[in-house]
Amino acid sequence: MEEIDALLTESRTFPPPPAFAAAAHGNTRDPWSRADADYEAYWAEQARALEWITPWKQVLDWKPPHAQWFLGGQLNVAANCVDRHVRGPARNKAAIIWEGEPGDRRTLTYWDLFVEVRKFANVLTSLGVHKGDRVGIYLPLIPECAIAMLACARVGAIHSVVFGGFSPESLRDRMNDAEAKVLITADGGYRRGQIVPLKRNADKALAESPTVTHCVVVRRLAAGVVDDTFSQMQEGRDHWWHRLMEGAPAGHEPQPMDAEDPLFILYTSGTTGKPKGIVHTTGGYLTGVASSTKLVFDLKDDDVFWCTADVGWITGHSYLVYGPLANGATAVMYEGAPDWPEKDRFWSLCEKHGVTILYTAPTAIRAFMKWGDAHPKKHDLSRLRLLGSVGEPINPEAWMWYHEVIGGGRCPIVDTWWQTETGSIMIAPLPGATVTKPGSATQALPGYAVTLLDSAAKEIGIGGGLLAVTKPWPSMLRTLWRDDARYVSTYFSKWDGRPDLYFPGDGAKRDADNYLWILGRVDDVLNVSGHRIGTMEVESALVEHPAVAEAAVVGRAHELKGQALCAFVTVREGQLTSLALRDELREFVARKIGALARPDDILFSADLPKTRSGKIMRRLLRDIAEGRALGDTTTLADPSVVAGLKAQYEAQES
Ligand code: 7RM
């Protein structure tokens with residue numbers, strides 16, 4: 001039996017526009033040929049684009065499931081992202097164009113970054129931070145995020161960024177697990193016009209984080225709102241960022257780091273609750289992100305690259321900070337919400353800053369669709385030349401809308417599949433070389449060995465299966481912080497006796513052109529009368545209906561079929577819900593992908609429970625559909641959504 005059935009077919013294809021292809025970095029199959037011919041030589045070539053203090057002696061040491069890359073090599077990430085650009089023509093180029101939610105703006109050139117990062121590196125040293133120490137970063141999305149991360153990298157400290165939307169408890173647990181010495185935070189940040197009281201949260205966390213001896217506080221809040229309730233400074237422990245910077249020396253030599261020294265820890269919430277501290281190292285990580293940023297986004301000197309993710313997520317680490325800066329590019333950074341003060345904020349930002357490459361998530365794209373075309377139509381988006389998607393499968397409907405309404409039909413879309421664990425993009429088109437298909441992340445990038453396996457590790461040709469990575473790659477996680485056993489059991493124990501096979505936890509299908517279509521997390525797969533149905537295809541079919549903005553599908557136990565399908569549906573703005581619409585949607589899915597995928601239940605809801613990075617939390621919807629008490633809801637963006645849904649579901653049942 002197949003691990004997962006493939007139901008949907010999507011036959012539209014989009015070749016790279018000729019002019020785009022002609023100017024693109026990758027516009028032939030050549031990178032794949034080179035990588036296939038000599039895998040290690042390919043990665044060595046990518047790594048040589050970085051500046052090394054000491055050359056490596058060995059490209060790869062692979063003792064499954066532990067890999068080491070560029071052994072003997074030494075480099076410094078901050079020197080690669082800042083110093084080397086300052087020596088060249090990018091000295092006065094904008095590195096970060098930042099806009100705060102209230103509309104305040106700052107632009108930092110590479111020279112500005114050089115000045116700030118060196119000074120803050122000296123600040124860290126003065127607070128007793130040494131190579132290998134852990135530093136927590138809990139900030140709104142302001143330039144100090146990048147400065148703090150790069151300053152850590154400069155002195156060899158391991159940063160652990162905690163998303164500013166997380167609670168004091170989450171912050172505390174992460175600080176304690178990593179035994180952080182210093183925490184960098186701000187008095188507050190702005191989100192939907194409200195103040196996020198970061199320092200107050202930090203105070204609560206630090207009351208139970210005994211290893212943290214110093215807390216550096218950025219003054220973010222406007223003068224009028226700065227008051228003691230947002231920033232009560234604790235004598236001896238707390239220091240204003242700007243005060244420390246005033247007294248810091250300007251010069252600083254970057255600490256030479258071994259390629260395999262850790263660069264950062266980033267916690268991801270696992271299925272069991274206790275977050276996993278994903279550990280990334282220096283040489284391999286930077287090689288992976290620098291190389292993929294250039295190739296996948298076809299990054300050129302005059303591009304204005306906007307990755308809309310927060311630095312609290314891996315996407316922000318890799319494609320807001322390290323990837324663009326390693327390439328000497330200009331990155332846009334925006335602090336706030338996409339619908340503040342109006343639902344056109346993203347398009348206003350694109351127009352105002354002349355964004356050429358936009359990288360965002362399907363959940364955002366579906367929200368924009370729901371809000372209607374008028375918002376983007378108000379703005380000149382003609383500078384855009386490339387669009388990217390990440391975080392979830394992008395359903396063809398959203399892909400087409402992104403292509404037409406945002407991209408004006410002229411911009412290729414790169415649907416990029418990867419994970420916190422993989423560090424950088426693994427499956428994606430090269431926009432100048434790959435014919436794209438709406439909903440498919442296409443194929444593995446050059447230098448990545450991705451395939452589909454069944455549960456006996458047998459390769460699947462055409463059809464559905466388990467995604468697997470068969471060779472190590474430079475930016476792979478190296479371990480879980482102080483829990484290597486969990487690293488082995490989570491990622492390298494899916495197939496008996498094969499510790500060389502990495503299991504990402506996703507299901508996918510391969511089509512006749514050897515394209516991959518990610519079908520969602522394997523944990524979410526439904527089993528209806530023996531058919532293994534991925535959530536993505538049913539959701540995608542639902543979203544194709546003009547009344548539907550977003551859908552999430554889960555299974556509940558059913559005595560005859562094994563599982564029955566339960567769909568949670570959000571309708572488009574202005575659309576009314578009715579029993580007739582419910583029946584219509586059930587038939588619509590049956591027609592699109594077959595009667596076996598016809599949802600048994602459809603529940604209309606104004607919102608779906610999502611993580612703070614925008615991924616739908618199907619686990620909680622399953623709890624609702626099966627009438628269980630709700631599991632852990634602490635990682636939800638808005639916990640009230642799921643409580644409301646549960647009440648609504650129960651009312652409908654009775
Ligand atoms: C970058 C990021 C990882 C999980 C991954 C998938 C899903 C991410 C795509 C995708 C389909 C994509 N890191 N995912 N990108 N699914 N198409 N292009 O999101 O660690 O937070 O999540 O996200 O399930 O395993 S993550």
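Within the 4.5 Å cutoff, the side chain of C81 has heavy atoms near those of the L150 side chain. Contact annotation: the side chain of V390 approaches that of W418 to within less than 4.5 Å [non-hydrogen atoms, C-beta and beyond]. K437 has its side chain out of reach of F14: every pair of non-hydrogen atoms, C-beta onward, lies at least 4.5 Å apart.
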*Passes side chain to side chain donor-acceptor pair (under 3.5 Å), D261 versus T282? Steps please.*
CA-CA 6 Å; D261 280 334; T282 303; 5.8 Å; no
_Worked check of salt bridge (charged side-chain N to carboxylate O under 4.0 Å, His left out) between D30 and R34_ = CA-CA 6 Å; D30 177 62; R34 276 182 291 131; 2.9 Å; yes
*Do W473 and T422 pass the side chain to side chain contact (heavy atoms under 4.5 Å, CB included) test, and can you show the C-alpha distance, the side-chain angles, and the key distance before you say yes or no?*
CA-CA 8 Å; W473 64 99; T422 72; 3.9 Å; yes
*Mind running side chain to side chain contact (heavy atoms under 4.5 Å, CB included) on M476 and Y285 for me, showing each step along the way?*
CA-CA 7 Å; M476 67 193 278; Y285 173 79; over 6 Å; no
*asked:* As a quick check of understanding, evaluate side chain to side chain donor-acceptor pair (under 3.5 Å) for Y319 and S292, giving each step before the final call.
replied: CA-CA 9 Å; Y319 299 106; S292 56; 2.6 Å; yes
*asked:* Using side chain to side chain contact (heavy atoms under 4.5 Å, CB included), reason through I97 and M333 one step at a time and then give a plain yes or no.
replied: CA-CA 6 Å; I97 297 176; M333 188 185 263; over 6 Å; no
*Is there a side chain to side chain donor-acceptor pair (under 3.5 Å) between Y138 and N201 once you walk through the steps?*
CA-CA 10 Å; Y138 182 63; N201 290 346; 3.2 Å; yes
_Show, in sequence, the C-alpha distance, side-chain angles and deciding distance for E421 and R478, and conclude whether the salt bridge (charged side-chain N to carboxylate O under 4.0 Å, His left out) test is met._
CA-CA 9 Å; E421 292 85 346; R478 295 301 192 268; over 6 Å; no
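Here R106 does not pair with E99 in a salt bridge; the nearest charged N to carboxylate O distance is not below 4.0 Å. A salt bridge does not link D523 with R618: none of the charged nitrogens is closer than 4.0 Å to a carboxylate oxygen. Between R486 and D484 there is no salt bridge, since none of the side-chain N atoms of the basic residue sits less than 4.0 Å from a carboxylate O of the acidic one. R612 has no carboxylate O lying under 4.0 Å from a charged side-chain N of D310, or vice versa, which leaves the two without a salt bridge. Salt bridge annotation for E392-R366: present, with a cationic side-chain nitrogen under 4.0 angstrom from a carboxylate oxygen. Using a cut-off of 4.0 Å between Lys/Arg side-chain N and Asp/Glu carboxylate O, E101 and R345 are scored as not salt-bridged. Using a 4.0 Å cut-off between a side-chain N of Lys or Arg and a carboxylate O of Asp or Glu, D177 and R482 do not qualify as a salt bridge.
Between the side chains of D112 and T109, a donor-acceptor pair is found at a separation under 3.5 Å. With no hydrogens or angles considered, a side-chain donor-acceptor pair links W417 and D506 at under 3.5 Å. Of the N and O atoms on the side chains of H85 and N80, not one donor lies less than 3.5 Å from an acceptor on the other residue. Residues Y359 and T416 have side chains that bring a donor and an acceptor to within less than 3.5 angstrom of each other. Side-chain N/O atoms of K610 and T363 include a donor and acceptor closer than 3.5 Å.
Here the closest non-hydrogen pair linking L320 and V332 is CD1-O, 3.3 Å. Between I314 and G423 the shortest heavy-atom distance is CG1-O, 4.3 Å. Closest approach of A153 to V77, counting heavy atoms only: CB-CB, 4.0 Å. The minimum heavy-atom distance linking A259 with W69 is given by the pair CB-O, 3.6 Å. Annotation for N76 and I53: closest pair N-CD1, 4.0 Å, computed over non-hydrogen atoms. Scanning all heavy atoms of the two residues, the minimum distance from W517 to P438 falls at CZ3-O, 3.2 Å.
Taking the six-membered ring wherever Trp is involved, the centroid distance between the rings of F503 and Y491 does not fall below 6.0 Å. Here F368 and W347 bring their ring centres to under 6.0 angstrom of each other. Aromatic ring centres of W241 and F120 lie closer together than 6.0 Å. Taking the six-membered ring for Trp and the full ring otherwise, Y402 and W399 have centroids separated by 6.0 Å or more.
A cation-pi arrangement is absent between K471 and Y448 under the rule of less than 6.0 angstrom and at most 45 degrees off the ring axis.
A donor-acceptor pair is defined here as one N or O able to donate and one able to accept, closer than 3.5 Å; such a pair exists between the side chain of K615 and the backbone of G391. For D298 (side chain) and H25 (main-chain N/O), a donor-acceptor pair under 3.5 Å exists by modelled atom type. A donor-acceptor pair is defined here as one N or O able to donate and one able to accept, closer than 3.5 Å; such a pair exists between the side chain of Y334 and the backbone of A337. Judged by distance alone, with hydrogens and angles left aside, the side-chain atoms of N27 form no donor-acceptor pair with the main-chain N or O of G432 at under 3.5 Å. Between the side chain of R191 and the main chain of G336, a donor-acceptor pair closer than 3.5 Å is present. Looking only at distances, a side-chain donor or acceptor of D133 sits under 3.5 Å from a matching main-chain atom of H130. Between the side chain of R383 and the backbone N or O of V304, no donor-acceptor pair lies under 3.5 Å.
Using the six-membered ring where Trp is involved, H317 and Y322 have ring planes that are tilted, between 30° and 60° apart. Ring pair W313/F163 is tilted by interplanar angle, where 30° to 60° counts as tilted.
Atom NZ of K294 has 12 or fewer neighbouring heavy atoms from other residues, nucleotides or ligands inside a 6.0 Å radius.
For the pairing with D83, the salt bridge (charged side-chain N to carboxylate O under 4.0 Å, His left out) check across R118, R91, R154 returns one residue only, R154.
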